[in-house]
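As a basis for the values below, the full set of heavy atoms in this structure was taken, side chains included, without hydrogen atoms, waters or symmetry mates. Small disclaimer: the values here were computed from a predicted structure and weren't measured.
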Amino acid sequence: MSNNKKEFFLVRWFKRCILRQRPELSLEEEETIQTPVKAMVSSFVHKPLAMGGLIVFLLIFAFVLIGPKYWVLDLSDQDATLVNLPPSNNMMKVPKELIQTGIADITSGNTYGLGIDLNGELYMWGHTRITDKIDMADVPQEVRDADIVSVAAGTDHCVALGSDGQVYVWGNTRLKQDKFGKDMEKAMEEGGEEWNVVQLEASNQFSAIVTDNGNLYLWGNGNMADVKVRSKYDGKIAKVALTDNEYISLLTDGTVAYTGYKDKKSPLGRIPKQLKDKKVVDIASTSKSVAAITEDGEIVVWGSAVKGENKVPELPAKPVHLYGGRYHYTALLENGDVVSWGDNKYHQADIPAAVHNADNIDQIFVSNYQNYAVDEEGNLYTWGLKGFPLGTDKLGRDMLTRIVNGGKVTMTVGAISVVIATVLGVVFGGLAGYFGGKLDILIMRIAEIVGGLPFIPFAMILSAVIGSRLDPTQRMYLIMVVLGILSWVPTCRLVRAQILSQREMEYVTAAKAMGIREHTIVFRHILPNVISLLIVSMTLDFATCMLTESTLSYLGFGIPLPTPTWGNLLNGANNSIVIQQYWWQWVFPAAIFGICTICINLIGDGLRDAMDPKALER
């Protein structure tokens, strides 16, 4: 069909459906279009609510059917650093003023960014609230007034260095994140050569400073992290790389050493042999691993590389600088190109084409999930985690991914349950309605027993007793079968009533006279005449089965977590804290589920009216 014909059809549908404008037809044209199927389709199309429901349902269906290919579900996925985040898309939205004035330094926490311009002005962006009571955007006034030259963001605190050598800490300070050691306070007070800071770093509840005379100062939660330095390394440290609770040092002689006190128990303390005979030019770290660049351009990774950080790609040029995120590394090459590898869940290892095409990358700033690159002309390039459109849950899982995959499970369960219930209802209803007598009495008494069972309590008991022995996939199949077996009674009664009226028709008498078998008459001649009612019934039962599955999952007796369904995604809605503070965790699943159910009911109502000749308007 050409675009003009499509446009003409849409315009014509809008005029007929919405504006109620119908062209005058001749008698022959009227008779031509009034075949049963065309009449039904015409009646359905001219119902705006039914058509709107169909369009929206098809969009939702396509969304949950195709979406899992793009939002891939990992049942083991969870991240304690990204829990209960509201919907956002601004985690790398750097203020224009910072770019225009000139970028001096950029650092990032888990969900926010922090930068200073060439004038020492401080900027923040992203989701800055790290707890219910702590907002990193509440920067102390003394920091606002100071001339800041360097900043570092940790998991729950920020550290800034003023041009006068003063160190500022804000955020969570309950675990000694702002308690400096006596040797550090002394060096800070004396200033001069003793306090010429060349590196400022922050990690999980602890921070570090390296001075140009080779001294390393660590402070913070000593119960969580190794915040001590062996005295034999005093004055010999050129750079430090912090993991979540440990650190590694690059010494002034080009060697790498674990300069703390946990080297015997830590995998970081086992320095690779290839580094002992080579000079190291740079080091970096991720959450649990450390990497080093040797003078001949080799990159060596050791520690716990849990996300593929040790899978270094083949580099087109010699690396000169190395930077680490939470689970990925980024390297600046000698030819000015940039390479990333490791975890790529949030595209933090996907280098934009603009970065490869840039003339000369002057600065690179890498944080947990974000990367920032600045060229010599001051242009800024970003890649990595921008945010979560629908927020995250209590385990740091993306709500959009879980809603998409949960919808696929819920619709699958609803569809298969309806098929099972329809098959049972058609078979039993057809036999009872056609043959009657004792068979009819037996089938209807069974139907009354099944229909008299309290549906939800019985399904809960059955799921609890049998489902506890099954894995999540088997339990999903169990829910399908249970819903199908307990939902066939209405279909059975509908088919029985229709066949009771149809079996007295002349065409049935003629079929019997011709010697056609009884089951052939029921299922090949009578049943097609009631198929229209079955379609309507299946449509409405589909929504009912989806609601029932979601009810069971909501109550904890359906498909168990971590497998998502729209029902168990709403399980947190029975918590007042979630309802009040983390509204996105139940509003979005409830909204899409409610819209989908309403659309299915609108489609069913439209089909019922369209298939009823008495409801047709000529």
Sub-4.5 Å side-chain heavy-atom contact between V197 and S150: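 Result no, sub-4.5 Å side-chain heavy-atom pair not found.
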Under 3.5 Å side-chain donor-acceptor pair for N110 and N368: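 Judged by distance alone, the side chains do pair up.
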Pair Q177-N221, side-chain donor/acceptor within less than 3.5 Å: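 No, no side-chain donor-acceptor contact under 3.5 Å.
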Flag if over 12 foreign heavy atoms under 6.0 Å of CG, L65: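 More than 12 heavy atoms, drawn from other residues, nucleotides or ligands, come within 6.0 Å of this atom.
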NZ/K278: more than 12 non-hydrogen atoms of other groups inside 6.0 Å: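 Result for NZ/K278: enclosed.
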Inter- and intrachain pairs under side-chain hydrogen bond (donor to acceptor under 3.5 Å, both in side chains), touching residues 63-79, at least two apart: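 Matches after skipping sequence neighbours: D74-S76, D77-K345, D79-T81, D79-Y369.
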Please verify the inter-ring angle class for [X] with [Y]; under 30° counts as parallel, over 60° as perpendicular, anything in between as tilted.
{"X": "Y582", "Y": "W584", "result": "perpendicular"}
{"X": "W583", "Y": "F588", "result": "tilted"}
{"X": "Y346", "Y": "F388", "result": "perpendicular"}

T128 to D135 - nearest heavy-atom pair and separation: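 Closest approach of T128 to D135, heavy atoms only: OG1-OD1, 2.6 Å.
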CA sep, side-chain torsions, deciding dist, call: E246, K262, salt bridge (Lys or Arg N to Asp or Glu O under 4.0 Å): CA-CA 8 Å; E246 295 170 311; K262 297 182 180 180; over 6 Å; no
Reference residue Y217; test ring-ring contact (aromatic ring centres under 6.0 Å, His included); the match among F206, W195, F180: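 When F206, W195, F180 are each tested with Y217, the ring-ring contact (aromatic ring centres under 6.0 Å, His included) holds only for W195.
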From [X] atom [atom1] to [Y] atom [atom2], the distance as rounded to the nearest 0.5 Å:
{"X": "D226", "Y": "S266", "atom1": "CG", "atom2": "OG", "answer": "8.5 Å"}
{"X": "Y372", "Y": "S367", "atom1": "OH", "atom2": "OG", "answer": "5.5 Å"}
{"X": "Q348", "Y": "N371", "atom1": "CD", "atom2": "CG", "answer": "7.5 Å"}
{"X": "K307", "Y": "D343", "atom1": "NZ", "atom2": "CG", "answer": "5.5 Å"}

Set of ring pair (Phe, Tyr, Trp, His ring centres under 6.0 Å) partners for Y329, sequence neighbours left out: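 Scan of Y329 (ring pair (Phe, Tyr, Trp, His ring centres under 6.0 Å), adjacent residues dropped) gives W341.
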Cationic N near anionic O, under 4.0 Å, K239 to D282: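 Looking at K239 and D282, the cut-off is met.
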